[in-house]
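Read the structure below first, then the notes.
Throughout, residue positions are numbered sequentially from 1 according to the sequence presented.
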Amino acid sequence: MTADAILGALKGVMPGLAATFGRSCEVVLHDYRQPDNSVVAVAGELTGRRVGSAMSEIGLAVLARGNEAVDELNYLTRTPAGRLIKSSTMPLRDERGEVFGALCVNLDVTALRQVGDLLADLAGGDVTPATTTFTDDIEEVVDAVVRSEELALAKPADALSKPERLRLLRALDQRGVFQLRGAAPRVAARLGISRASLYADLAACRTDPTDTDPTDEER
């Protein structure tokens with residue numbers, strides 16, 4: 001079966017595959033014969049990929065392996081907004097057995113992780129990662145504190161009220177997160193607010209490091 005025939009067949013089944021898993025699923029089809037704009041079809045929307053987008057780092061790694069490429073299954077990645085994505089990338093081979101593209105399936109497992117944290121908390125388990133030291137891994141530090149606050153408040157970070165958001169920002173600040181380059185835009189994206197709003201909230205935290213107005217629900 002030729003490469004074009006395989007791509008055509010997969011384009012027909014991608015919408016059904018994505019619909020089976022619902023809004024948390026995205027299916028992306030790549031044609032590595034055009035690496036600068038390898039995405040030829042997308043079903044669902046998680047990562048912002050569009051037809052004509054370039055391949056990711058995973059795609060480059062598959063391309064580099066050539067015909068030795070194998071399925072990369074169930075690896076975890078994170079979007080700029082902090083969503084946890086479980087992905088699988090499966091190389092496609094033509095009638096000569098040569099790798100020419102890949103089918104990628106992405107699932108947003110952020111909500112599942114939060115539910116797992118809540119269940120573990122009910123069962124008495126320790127679900128808060130131990131992140132008490134200054135590290136160079138922004139995502140590790142941010143995710144550890146955000147997860148603990150989400151668990152304590154029983155709601156996702158981007159749904160927090162302003163007092164709850166200030167509490168989270170204070171916790172991040174106390175752990176030195178904002179000393180790390182690039183932390184502010186990452187945290188702002190995770191909270192679903194602008195960078196300007198984050199800086200204003202952070203200034204409020206530092207001016208009054210203990211109290212917030214519980215009646216202030218402004219977003």
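- Here the closest non-hydrogen pair linking Leu166 and Cys205 is O-SG, 3.3 Å.
- Taking each heavy atom of Val99 and Ala69 in turn, the nearest pair found is CG2-CB, 4.4 Å.
- Here the straight-line distance linking atom SG of Cys104 with atom CG of Leu29 works out to 8.5 Å at 0.5 Å rounding.
- Cluster annotation: Leu84 and Leu46 are assigned to distinct hydrophobic clusters (Ile/Leu/Val/Met/Phe/Trp/Tyr, side-chain heavy-atom contacts under 4.5 Å, transitive).
- Across all their heavy atoms, Ala18 and Gly44 have their closest contact at CB-N, 4.5 Å.
- The hydrophobic cluster containing Val28, built from Ile/Leu/Val/Met/Phe/Trp/Tyr side-chain heavy atoms closer than 4.5 Å, also comprises Val39, Val42.
- Side-chain atoms of Ser53 never come within 3.5 Å of backbone atoms of Arg49 as a donor-acceptor pair (strictly under, hydrogens ignored).
- Asn106 and Ser87 get closest at one heavy-atom pair: OD1-OG, 2.7 Å.
- Grouping the Ile, Leu, Val, Met, Phe, Trp and Tyr side chains by contacts below 4.5 angstrom, directly or via other members, places Tyr199 with Leu191.
- With values rounded to the nearest 0.5 angstrom, Asn37 atom CG is found 11.5 Å from His30 atom NE2.
- In the hydrophobic cluster analysis, where Ile, Leu, Val, Met, Phe, Trp and Tyr join through side-chain heavy atoms closer than 4.5 angstrom, Phe178 is grouped together with Leu168.
- The same ILVMFWY cluster, assembled from side-chain heavy atoms under 4.5 Å apart, contains both Val27 and Val13.
- Criterion: ILVMFWY side-chain heavy atoms under 4.5 Å apart, direct or through other members. Under it, Met14 and Ile85 are not part of a common hydrophobic cluster.
- Summarising the geometry, atom CG belonging to Leu63 is positioned 9.0 Å from atom OG belonging to Ser38; distances are rounded to the nearest 0.5 Å.
- Enclosure of atom CD in Glu68 is not indicated, since only 12 or fewer non-hydrogen atoms of other residues, nucleotides or ligands lie within 6.0 angstrom.
- Glu26 and Thr47 share a side-chain donor-acceptor pair at under 3.5 Å.
- Looking only at side-chain heavy atoms (C-beta outward), Thr2 and Glu95 come within less than 4.5 Å of each other.
- Looking at heavy atoms from C-beta onward, Leu169 lies in side-chain contact with Val187 at the 4.5 angstrom threshold.
- Annotation for Ser24 and Phe21: closest pair OG-O, 3.3 Å, computed over non-hydrogen atoms.
- Inspection of the Ser88 and Tyr75 side chains reveals no N or O donor paired with an N or O acceptor under 3.5 Å.
- Using a 4.5 Å heavy-atom threshold, the side chains of Leu202 and Asp173 count as touching.
- The two residues Pro15 and Gly12 have their closest heavy-atom pair at CD-O, 3.9 Å.
- For the atom pair CG (Leu198) and CZ (Arg190), the distance works out to 13.5 Å, reported to the nearest 0.5 Å.
- A distance of 13.0 Å separates CZ in Arg186 from CG in Leu172, rounded to the nearest 0.5 Å.
- Remark: the backbone N or O of Leu73 is not paired with any side-chain donor or acceptor of Asp71 at under 3.5 angstrom.
- Side-chain atoms of Leu10 and Ile6, non-hydrogen and from C-beta on, do get closer than 4.5 Å to each other.
- Using a 4.5 Å heavy-atom threshold, the side chains of Leu7 and Phe100 count as touching.
- Side-chain contact between Arg165 and Asp201 is present, with at least one heavy-atom pair separated by less than 4.5 Å.
- Taking the salt bridge (charged side-chain N to carboxylate O under 4.0 Å, His left out) definition, one finds that Arg33 meets it with Asp4, Asp31, sequence neighbours left out.
- The structure places CG of Leu92 at 13.5 Å from CD of Glu98, a figure rounded to the nearest 0.5 Å.
- For the pair Met90 and Val105, the minimum side-chain heavy-atom distance is below 4.5 Å.
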